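Below is one structure, written out as structure tokens, with a few remarks after it.
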Amino acid sequence: MTSPAEPTPHRPQSRGSERAALVDAEAIGDLEQIGGGHSLWSDAFRRLKKNRAALVSAAILGAMLLGCIVVPELSQWDYAKADLELGPTPPSAGHWMGTDYLGRDLMVRVFFGGRISFAVGMIATLVSFVIGVTWGGIAGYFGKRIDGLMMRLVDVMYTFPFLIMVILLQVFFANKDGALHELFKSSIRPFVQDASAPSWFPIFQICFIFAALGSISWLTMARIVRGQVIALREQPFVEAARSIGVGHWAIVFRHLLPNSLGPIIVYTTLTIPAIMLTEAFLSFLGLGTQEPLASWGLLTAGGAETMAIYPWLLIFPALMLAITLFCFNFLGDGLRDALDPRMRKD
Amino acid sequence: MALLSVRNLQTHFFTEAGVVPAVDDVSFAVDRGEVLSIVGESGSGKSVACLSILGLVPDPPGRIVGGEILFRSQDGHEPEDLLEVSKRRLQQIRGDRIAMVFQDPMTSLNPYLTVGTQLVEVLAVHQGLTGTAARRQVVEMLGEVGLPAPERRLRDYPHQLSGGMCQRVMIAMALLCQPDVLIADEPTTALDVTIQAQILALIDERKRSMGLAVLLITHDLGVVAKMADRVAVMVAGQIVEQGSVDAVFRRPQHPYTVALQRSIPRIDDPPGRCALAAIEGLPPATGALPSGCPFHPRCDLAMPECAERRPADREFEMTLDGHITQHRVACHLEDLGGTEKRSTDSLDEEPAGG
């Protein structure tokens, strides 16, 4: 009679105490992070791990990045070496993604192109993060004349017609004898044996595109962050932080900018695809990446020309581009939710 | 001299519509172990006066145009004028020697940082203390302000706490460095009554045990009666009456104070008297402050003189229950302003217009 009844009162009790012990252990573990200012990021990471879509996206992006680094090195094919006898062939056992009209293996070219496309996206993002966020944060927080001065500069840069600027710079300063090319050569001379070798010129052109895209990518970010910070700086918690003696810089970087992370991340996830597409457009115009180098934009543009005859030349690079942009969007969404402590569901 | 004394403070707001004297020639002082309560209607400048002390008035549009704020951070030392000290020094004083608690605890904490991070920040800023030592101190202080399970609260975000808990965290933050002065700007307005009593008891206990000087801003006269040692009554940027809490409550000298008290419903009012005695008219609009005495447009006893000239402060001693207390009032009604004559009742019989 008593034996079946016995476990019933025990089970919830033991489970309850177990849970309490777990919570305590967790609390003590987390105590280590408090005070270092990292708790926001460690908490965000913990929440991100619960978001399956974001996790899968991050994994795919990681695999893609790894593929871009590894595949061109390990493959038996070369991204630049043409095989004119072979010509364009559909996907086969030897060439998984087929070959292009010069008989080059498409898979190697796609992964090689990924290097440039990722690099462009990353650099533009880095610039817009570091310069744009800092610029907007400072302008928004300090306001008054500093704000006016800083944002007018942004306005002026906005008014430059980007494409014409890039073309003019390219024609006058970024050609083989241009001042920018000389600057590039002198800056790599300490590190390489022959800085004047023609093989460096395409690399220089890519760096030029990086610089051009970087210089515009932070403008909108600065405006967005400035708006956020202006709205936030009137919040009571900023006054409270001031009242406990926190300095201006700490308020901007520890209190205000983390609070604006939501819009910053959303905008970043929009920036990466936009920058990749801009690079594709510039390459298409012959201003960016040049053959035999490749980028996703260049490959897609080339594939689009012949899509009726050789559809795989469009499908594979476009697929890679699409998957990457999808994953960035999911990851960005997940990051935004993870970084907002109030979004916590539990 | 008192621990903190504000003399002839003038904080003006320079707006497009003109200059608004939000704080106009205000003087008060608070000493160790003393609660000075500043009462007044919304927009009377009580918050601005307190923000001025810590140099937190938003600039633009606000600017402190006159006066001095003398603070004696160490006994025996010369007092410093907080309006003259460097920004660096002011930052050292904020949170360390003079701390502040704000009205709305839910929005006064950064929603993106855990409670623990924000509390440790105070110690990091002022004592360079981080890590385990800082956490221990924070946990201890959270325990002292009566937050249950303080270790676990450290990793909570503000939105996970109730309003009362947030205010305890704010008070813990303010008291962490054992300040000399606590400025509490309506610390209980956003809280329900039972929490309010607990928070006030907490401040009161600190005042008694640590000799904390408290500047309590409120418009709740019940809170004043319970907490304050002395009271300053503000109208439109000016202090019209200042004295011990007993004196201000039992022998109010200024018509505004009298009216203010009459407007509070009393639980022992005769049932027939249901209508509340509201103060007629509206508080002066910030853009259009009256000339002369700031209360004269609403004052039953106003004389022509009141509109022309701002009444000077009159200081005198008042005897109450055998004690002598200092009292200060700014009103032209000198004949009523004697030591014993004036009371709520005598004002009732006074013909309007004096």
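Model, not experiment: these values are computed from the prediction. In what follows, chains carry the letters A, B, and so on, assigned in the order in which the sequence lines appear, proteins first and then strands, with residues in each chain numbered from 1.
The side-chain heavy atoms of A:Phe237 and B:Leu109, taken from C-beta on, include no pair separated by under 4.5 Å.
Contact detail for B:Phe102 and A:Ser243: the closest heavy-atom pair is CE1-OG, 3.4 Å. The minimum heavy-atom distance linking B:Ser108 with A:Pro236 is given by the pair OG-CB, 3.9 Å. Closest approach of B:Pro111 and A:Asn259 over heavy atoms only: CG-OD1, 3.4 Å. Here the closest non-hydrogen pair linking A:Arg254 and B:Thr117 is NH2-CG2, 3.7 Å.
Under a cut-off of 6.0 angstrom, the local environment of CZ in B:Phe13 is crowded, with over 12 non-hydrogen atoms contributed by other residues, nucleotides or ligands. A 6.0 Å sphere centred on CZ of B:Phe14 holds more than 12 heavy atoms belonging to other residues, nucleotides or ligands.
For chain A, the option among B:Glu121, B:Arg88, B:Gln92, B:Met100 with the highest count of heavy-atom pairs below 4.5 Å is B:Glu121. Counting heavy-atom pairs closer than 4.5 Å to chain A, the top residue among B:Gln91, B:Lys87, B:Gln103, B:Gln118 is B:Gln91. The candidate with the highest count of non-hydrogen atom pairs below 4.5 Å against chain A, out of B:Asn110, B:Ile93, B:Val122, is B:Asn110.
One finds the CG atom of A:Leu256 at 12.0 Å from the OH atom of B:Tyr112 (value rounded to the nearest 0.5 Å). With rounding to the nearest 0.5 angstrom, the CD1 atom of A:Ile244 is 8.5 Å from the CG atom of B:Leu119.
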- Message: Could you walk me through whether A:Glu239 and B:Leu51 satisfy the side-chain contact (heavy atoms from CB on, under 4.5 Å) test, starting with their C-alpha distance in whole Å, then the side-chain angles of each, then the deciding distance to 0.1 Å, before giving a yes or no?
- Response: CA-CA 10 Å; A:Glu239 197 174 46; B:Leu51 289 175; 3.5 Å; yes
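Of the atoms belonging to B:Leu56, heavy atoms from both backbone and side chain fall under 4.5 Å from chain A. Residue B:Asp96: no heavy atom, backbone or side chain, is found under 4.5 Å from chain A. Only the backbone of B:Ile98 has a heavy atom closer than 4.5 Å to any heavy atom of chain A.
Contacts between residues 170-182 of chain B and chain A, defined by a heavy-atom separation under 4.5 Å, are made by B:Met170, B:Met173.
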